[in-house]
Amino acid sequence: MSTAAAENSTPAKGAPQPPGNEKSESFKSSGARPGDAIFSSLSVGSGLIIFAVLAAIFIFLLIQSLPAIENWNAIPTNSGKQNLFEFVGPLVYGTVLASLLALFIAAPIAIGIALFISHYAPRKLATPIGYVIDLLAAVPSVVFGLWGGVWLVPLMQPLYTFLNTSPLTSWIPLFQGTPHAPMRNVMTAAIVLAVMILPIITAVSREVFLQAPGAQEEAAIGLGATKWEMVRMVVLPFGRSGVVSACMLGLGRALGETMAVLMVLSPGYTYSLHLLEVGRHMTIASYIASQNAESTGIDMSKLIFAGLVLFLITFVINALARWIVAASARKK
């Protein structure tokens, strides 16, 4: 009886199909739904917008810097006419020096904090510490500049004097020279930048360490490894590529920082290795901010060329980070 009912309920081959069934069958045969097609188009479009914006920024910087490029051998500066490379070279040097110093200061501290939060601190303590670290990322850069200029500069003066005069450290070229108060030097700027990039490196590293495979951690502990040995053999190798990415993100932030550096660093345009001397270094971003309001014509063009150089440096840094992460993934 049930078989007969099922046969009767099956539509005949020639019987007309309901209107909705034809549409449903067409979607099934095509393998796509309208929502999927719309979402896919929006996703692809969003990805292409990023490339379009980057290309537009590059083209704008290139076009606006053409007057300086065309007159590259006679760029007006405070010390007379220079070629374009003599003008931008010290700025690139100061930018890279301050950013690398900040990274060397911040990276070990950030990795230590991330390991403490993810594997050592109890949950009741790790949660508020994580909130405080994340809160640092929301502090405006001008506040860091005020903190560095008003509080940090006089605080660091005794330490800088010791490093410059002590027989233990005065032989190191980085601490030589003739520093004088106020200590608005590249070392102070690097410390301020290190505090600013600390939340970025810590937050990304913490999330990477929390993704370490728990089974491998438990296996290491079960085989008699100490907590540090487990971290060294399991967590750090697993998170190496993520930590590198975090450091590159922090470095990118340090390269482009403007106001904090402008408020802390006394400007200078040399290739000096003396970190404690005042008036020796300047970064691209802070130089552009300090000269932008008064610049017109070729002066503005040279500032835009400096911005183009900073744009390319940031692009190279990100490409290098991608390559390191990809190389680490291949080794795994």
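For this chain, numbers begin at 1 and follow the sequence in order. Note: hydrogens, waters and symmetry copies are ignored here, and every other heavy atom, side chains too, is used.
At distances below 3.5 Å, at least one donor-acceptor pair connects side-chain atoms of Ser65 with backbone N or O atoms of Leu61. The backbone N or O of Leu198 lies less than 3.5 Å from a partner atom in the side chain of Thr202, making a donor-acceptor pair. Side-chain atoms of Asn185 come within 3.5 Å of backbone N or O of Leu276 as a donor-acceptor pair. Between the side chain of Ser266 and the main chain of Gly279, no donor-acceptor pair closer than 3.5 Å is present. Here the side chain of Arg253 pairs no donor or acceptor atom with the backbone of Met248 at under 3.5 angstrom. When atom types are taken as modelled, the side chain of Lys227 and the backbone of His119 share a donor-acceptor pair closer than 3.5 angstrom. Side chain of Tyr131 to main chain of Ala126: no donor-acceptor pair is present (N/O by atom type, distance under 3.5 Å, no hydrogens or angles). Panel note: side chain Ser301, backbone Ala68; a donor-acceptor pair is recorded below 3.5 Å. Side-chain atoms of Ser245 come within 3.5 Å of backbone N or O of Ser241 as a donor-acceptor pair. Here the side chain of Glu217 pairs no donor or acceptor atom with the backbone of Gly214 at under 3.5 angstrom.
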Could you please spell out the steps behind the side chain to side chain contact (heavy atoms under 4.5 Å, CB included) verdict for Leu265 and Arg184? CA-CA 5 Å; Leu265 184 62; Arg184 296 179 175 272; 5.9 Å; no
Check your understanding: Checking side chain to side chain donor-acceptor pair (under 3.5 Å) for the pair Thr161/Asn164: CA distance, chi angles, key distance, verdict?
Key -> CA-CA 5 Å; Thr161 303; Asn164 181 251; over 6 Å; no
Using side chain to side chain contact (heavy atoms under 4.5 Å, CB included), reason through Val192 and Val261 one step at a time and then give a plain yes or no.
CA-CA 8 Å; Val192 173; Val261 177; over 6 Å; no
Report the C-alpha separation of Leu236 and Phe209 in whole Å, then their side-chain angles, then the decisive distance to 0.1 Å, and conclude whether the side chain to side chain contact (heavy atoms under 4.5 Å, CB included) test is met. CA-CA 8 Å; Leu236 291 179; Phe209 293 153; 4.1 Å; yes
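For the pair Thr95/Leu255, a side-chain contact is recorded, criterion being any heavy-atom separation below 4.5 Å from C-beta on. Between Ser170 and Gln176, the closest side-chain pair of non-hydrogen atoms is not below 4.5 Å. Side-chain atoms of Leu262 and Met282, non-hydrogen and from C-beta on, do get closer than 4.5 Å to each other. Put simply, the side chain of Gln216 does not reach to within 4.5 Å of the side chain of Met230, judged on heavy atoms. Side-chain contact check for Leu210 versus Arg206: some heavy-atom pair is nearer than 4.5 Å. Residues Tyr120 and Val231 meet the side-chain proximity criterion, which asks for heavy atoms closer than 4.5 Å. Contact check for Val44 versus Ser41: no side-chain heavy atoms found under the 4.5 Å cut-off. At least one side-chain heavy atom of Leu103 sits less than 4.5 Å from a side-chain heavy atom of Ile201.
Across all their heavy atoms, Pro128 and Arg123 have their closest contact at CD-O, 4.5 Å. Heavy-atom minimum distance, Thr270 versus Arg280: OG1-O, 2.8 Å. In terms of heavy-atom proximity, Leu101 sits nearest to Ala190 at CB-CB, 3.5 Å. Residue Met196 comes nearest to Ser141 through the heavy atom pair CE-CB, 3.5 Å, listed as atom of the first residue, atom of the second, then distance. Across Met183 and Val278, no two heavy atoms sit closer than the pair CA-CG2, 4.2 Å. Nearest heavy-atom pair across Ile200 and Gly250 is CG2-N, 4.2 Å.
Remark: Leu66 CG to Phe305 CZ distance equals 10.5 Å, nearest 0.5 Å. A distance of 6.5 Å separates CD1 in Ile288 from CG in Leu310, rounded to the nearest 0.5 Å. How far CE of Met156 is from OG1 of Thr188: 6.5 Å, rounded to the nearest 0.5 Å. Rounded to the nearest 0.5 Å, atoms CG (Leu146) and CG (Leu152) are 12.5 Å apart. Here CD1 of Ile313 is found 9.0 Å from OG of Ser99. Values are rounded to the nearest 0.5 Å. Taking CZ of Phe116 as the reference point, atom CD1 of Ile129 lies at 4.5 Å (rounded to 0.5 Å).
Between the side chains of Glu277 and His180, no donor N or O sits under 3.5 Å from an acceptor N or O. Side-chain atoms of Thr283 and Ser286 form a donor-acceptor pair, as typed in the model, at a separation below 3.5 Å.
Note: the hydrophobic cluster containing Ile50 does not contain Leu42 (ILVMFWY, side chain heavy atoms under 4.5 Å, direct or indirect links). Cluster annotation: Leu125 and Ile117 are assigned to the same hydrophobic cluster (Ile/Leu/Val/Met/Phe/Trp/Tyr, side-chain heavy-atom contacts under 4.5 Å, transitive). Side-chain heavy atoms closer than 4.5 Å link hydrophobic residues (I, L, V, M, F, W, Y) into clusters, and following such links, possibly through other members, connects Met263 to Trp151. Hydrophobic clustering places Ile57 together with Ile49 (ILVMFWY residues linked when any side-chain heavy atoms are closer than 4.5 Å, directly or through intermediates). A continuous path of ILVMFWY side-chain contacts below 4.5 Å connects Ile109 to Val235, so both sit in one hydrophobic cluster.
The aromatic rings of Phe144 and Trp147 sit perpendicular, their planes meeting at an angle over 60°, well past the 30° parallel limit.
The side chain to side chain contact (heavy atoms under 4.5 Å, CB included) test with Met187 singles out one residue from Leu97, Leu174, Ile105, Leu159, and that residue is Ile105.
For Leu168, the CG atom is densely surrounded, since the number of other residues' heavy atoms within 6.0 Å is greater than 12. Heavy atoms from other residues, nucleotides or ligands lying under 6.0 Å from CZ of Arg322 number 12 at most. Dense packing is recorded around OH of Tyr271, with more than 12 heavy atoms of other residues, nucleotides or ligands lying under 6.0 Å away.
No close placement of the Phe175 and Tyr160 rings is indicated, their centers lying 6.0 Å or farther apart. A ring-centre distance under 6.0 Å is found for Phe87 and Tyr287.
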